[in-house]
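See structure below.
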Amino acid sequence: MGMTITEKILAKASGNEKVVPGQIVVAKVDLAMIHDALGPLFYPNFRKLETPVWDPNKVFIVVDHAAPASTLSQAEWLSHNYDFVRDYKIPNFINNQGVAHQIIPEGGHILPGQIAVGTDSHTCTYGGLGAFSTGIGSTEMCNVLALGELWFRVPETIKVVITGKLPRRVMAKDIILKLLSMIGVDGATYKTLEFCGETVDEMSVDSRLTLCNMAIEAGAKNGICTPDEKTVKYLMDAGVKREDIEMLKSDDDAAYCQEIHIDVTDLEPHVAIPHSPANAVPVTEVEGTPLNQVLIGTCTNGRVEDFIAAAEIIKGHKIPNMMRCLIMPASNKIYAELARNGCMEIFAEAGCVLLNATCGACGGFHEGLLFKGEACLGTHNRNFKGRMGSPEAKIYLASPATAAASAITGVITDPRKI
Amino acid sequence: MNTVIRGKVWTFGDNVNSESIMATGTDFDPAKAAKTSLCHYDKEFPTKVKPGDIIVAGRNFGCSSSRPAARALKFLGVAAILCESSGAIFYRNTWNIGVPILECPGISKMFNKGDEAEVDVSTGFIKNLTTGATVQAEKPIPLLLERWAAGGMIEWVKSRRDQYDTLK
């Protein structure tokens, strides 16, 4: 019996020739990501250990949540991050340049076959590049920073086979929302979601990052795509040398606990209705729902292709004046590209709000909180009650195309009709 | 070490997310988060829960965000969590914080709010002292019991000091 890509990565990092689902292994970590909001919760404990960081070069501290601070207590979180970076001489400190889940992949900091852990549940995003990548608690990060390793229970793998050509204005986000509606928010608890099939082969690395970003919304330990030539090009563009990229894939006789098939040929744009990402329905079922805010961006859908899709729809339109349309790129690098390719001009002239690259509105930290009774449709990953401000607000999740179409009409709108 | 815990039960349903245990607006401060912890599901919980009480929940308890949500529950004195299943990050956080969490299919049907529960954390054997019903939960793996016995993650890492170069 062969191994899945996830099993191969965990076997190598734990010094085993073979691992099987359920086995407990202690694996070496290649990258540890800490963000400003949860770092301060464990820095005091780590200091108590009176030990250096196991390998400062493998640690990334990213200020993206309170970026920049909008309350005094957020300013205090930041000060603890600055102190930690200084005291422990962390070279990879990314301060207000974008969301970690974009910074790490776009910088070529994580490679196929490596293991990344981060103090954020959406760390699973980097699986789009063929890494084993998962969110861990701040409590666990103390262990990682001291020892450079962590225990894992080898997850079972669900194979998600995606076939067919995506119809016009239907995007990777619609696929993952559809999958969530099929398996539910605990459909993959502690399992791996391995995305494969011709649709995944055809899609961009950015779209694969979108798929893997939301693996956690099904409870998955990690999401992963097989690295290919597109992955290699993406990483080489980021300055990685070809010889440093290990190409690995699941064996033909690897064991899967479940196989799910999705044919996207007739897939409709999907919208997750309050208060769960798994409450996705075809957009046609909720068309016309009034909105106060649209959020386009975030680590789920804040990449260049996402904004090009949105700009195509918004170009030449005005945002209604009772609507706020927030544009929040996932990184400064993306921001700069959007300035060069004309998207930012389209958004600005349409009356959108141009925000910096941050977790901001998505996590309810700053810039775009909702009042009771308000409704927001966003391209982010979670619509839990109270996430973006008032618990009496409603949050809908959709693709950048659906978000853009809804922004110019003020109500949930099918992007295929624009 | 005494591994048996007894307490009054609070019940919760399926898919309770960690953001509702420790809300974002509380700056992840356990004392502030405790004031609204789980209030979307049971308004009485934050004010009426007593130290030593036990949570019995459905599937996927604590799903989603990686925030150390159990710190709010620990602040309130919750002694143990028994659930059908839990979010993986929450599960590990909760042990590391020093609150035992046991997964046990069928548990949510075995308890009503206000029942008395008894759980042996080391064996996973659970009794409903009110009804007399018993059930065997999945036994926690030794790694987790070790950390719990050490007094949490930090104490456990300290206890391993001699085995690692970085800690010397």
Side-chain angles (χ1 to χ4, degrees), chain A residues 24 26 37-38 40-42 45-46 48-55 71 73-74 76-77 118-123 134-140 142-143 145-148 151 153 155 184-186 189-190 216-217 219-221 275-278 363-365 369 382 384-389 391, chain B residues 14-20 22-30 32 36 39-41 58-61 63-71 84-98 103 141-144 147 152-158 160-161 163-168:
Chain A
I24 305 288
V26 177
L38 293 195
L41 300 183
F42 80 85
N45 279 337
F46 186 76
K48 278 188 220 154
L49 288 175
E50 296 177 349
T51 174
V53 169
W54 106 98
D55 186 348
T71 63
S73 58
Q74 288 180 357
E76 188 190 342
W77 304 352
T119 57
D120 190 280
S121 57
H122 294 110
T123 304
T134 192
I136 61 171
S138 50
T139 56
E140 211 101 68
C142 249
N143 184 133
L145 285 199
L147 308 178
W151 72 272
R153 188 172 83 199
V185 286
D186 66 346
T189 298
Y190 210 82
I216 180 67
E217 307 323 330
K221 183 71 180 171
H275 298 283
S276 164
F365 295 97
L369 269 64
R382 282 193 183 136
F384 298 139
K385 199 172 185 177
R387 179 171 172 92
M388 298 175 76
Chain B
D14 294 338
N15 302 317
V16 170
N17 67 71
S18 55
E19 297 187 9
S20 67
M22 178 177 257
T24 298
T26 63
D27 297 327
F28 310 125
D29 174 339
K32 278 197 226 168
T36 56
C39 71
H40 297 329
Y41 300 96
R59 287 182 294 128
N60 209 19
F61 188 70
C63 59
S64 73
S65 169
S66 64
R67 66 196 61 188
R71 281 193 186 175
E84 301 274 338
S85 64
S86 66
I89 303 174
F90 179 82
Y91 180 81
R92 294 174 64 148
N93 260 338
T94 301
W95 279 101
N96 290 340
I97 287 163
E103 296 186 321
I141 60 169
L143 238 144
L144 293 173
R147 284 165 170 73
M153 163 66 72
I154 295 303
E155 297 308 315
W156 179 85
V157 173
K158 274 187 189 166
R160 311 257 291 178
R161 192 172 287 268
Q163 296 171 36
Y164 287 89
D165 291 340
T166 57
L167 289 180
K168 280 175 188 163

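Side chains included, hydrogens not; waters and symmetry mates left out as well; all remaining heavy atoms used. First the proteins, then the strands, lettered A, B, ... as listed; each starts at 1. In this text the structure is predicted, and so the values were computed from the model without any measurement.
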Measure Arg387(A) against the heavy atoms of chain B and call it side chain, backbone, both or neither at under 4.5 Å.
both
Contact check, side chains of Asn60(B) and Thr189(A), non-hydrogen atoms, under 4.5 Å:
yes
One should read off an interatomic distance between Thr134(A) OG1 and Ile89(B) CD1, to the nearest 0.5 angstrom, of 5.5 Å
What residues form a side chain to side chain contact (heavy atoms under 4.5 Å, CB included) with Cys142(A), not counting sequence neighbours?
Phe42(A), Asn45(A), Phe46(A), Ile154(B)
Counting only non-hydrogen atoms closer than 4.5 Å, does Leu369(A) touch chain B with its backbone (N, CA, C, O), its side chain (CB onward), both, or neither?
neither
Among the options Glu19(B), Arg92(B), Arg71(B), Arg67(B), pick out the one with the most heavy-atom pairs lying under 4.5 Å from chain A.
Arg92(B)
Pairwise side-chain contact, Ser64(B) with Phe90(B), heavy-atom cut-off 4.5 Å (strictly under):
no
For chain A, the option from Pro30(B), Ala23(B), Pro68(B) that forms the most heavy-atom pairs under 4.5 Å:
Pro68(B)
Show the nearest heavy-atom pair for residues His40(B) and Pro391(A), with the distance to one decimal.
CE1-CB, 3.7 Å
With sequence neighbours left out, the residues meeting side chain to side chain contact (heavy atoms under 4.5 Å, CB included) with Ala37(A) are His35(A), His65(A), Trp77(A), Phe28(B)
Residue part contacting chain A, namely of Thr94(B), when any heavy atom lies under 4.5 Å:
neither
Is it the side chain or the backbone of Ile136(A) that comes within 4.5 Å of chain B heavy atoms, both, or neither?
backbone
Checking heavy atoms, do the side chain of Asn17(B), its backbone, both or neither come under 4.5 Å from chain A?
side chain
Toward chain A, the part of Thr24(B) with a non-hydrogen atom under 4.5 Å:
side chain
Does any heavy atom of chain B fall under 4.5 Å from the side chain of Ser138(A), the backbone, both, or neither of them?
both
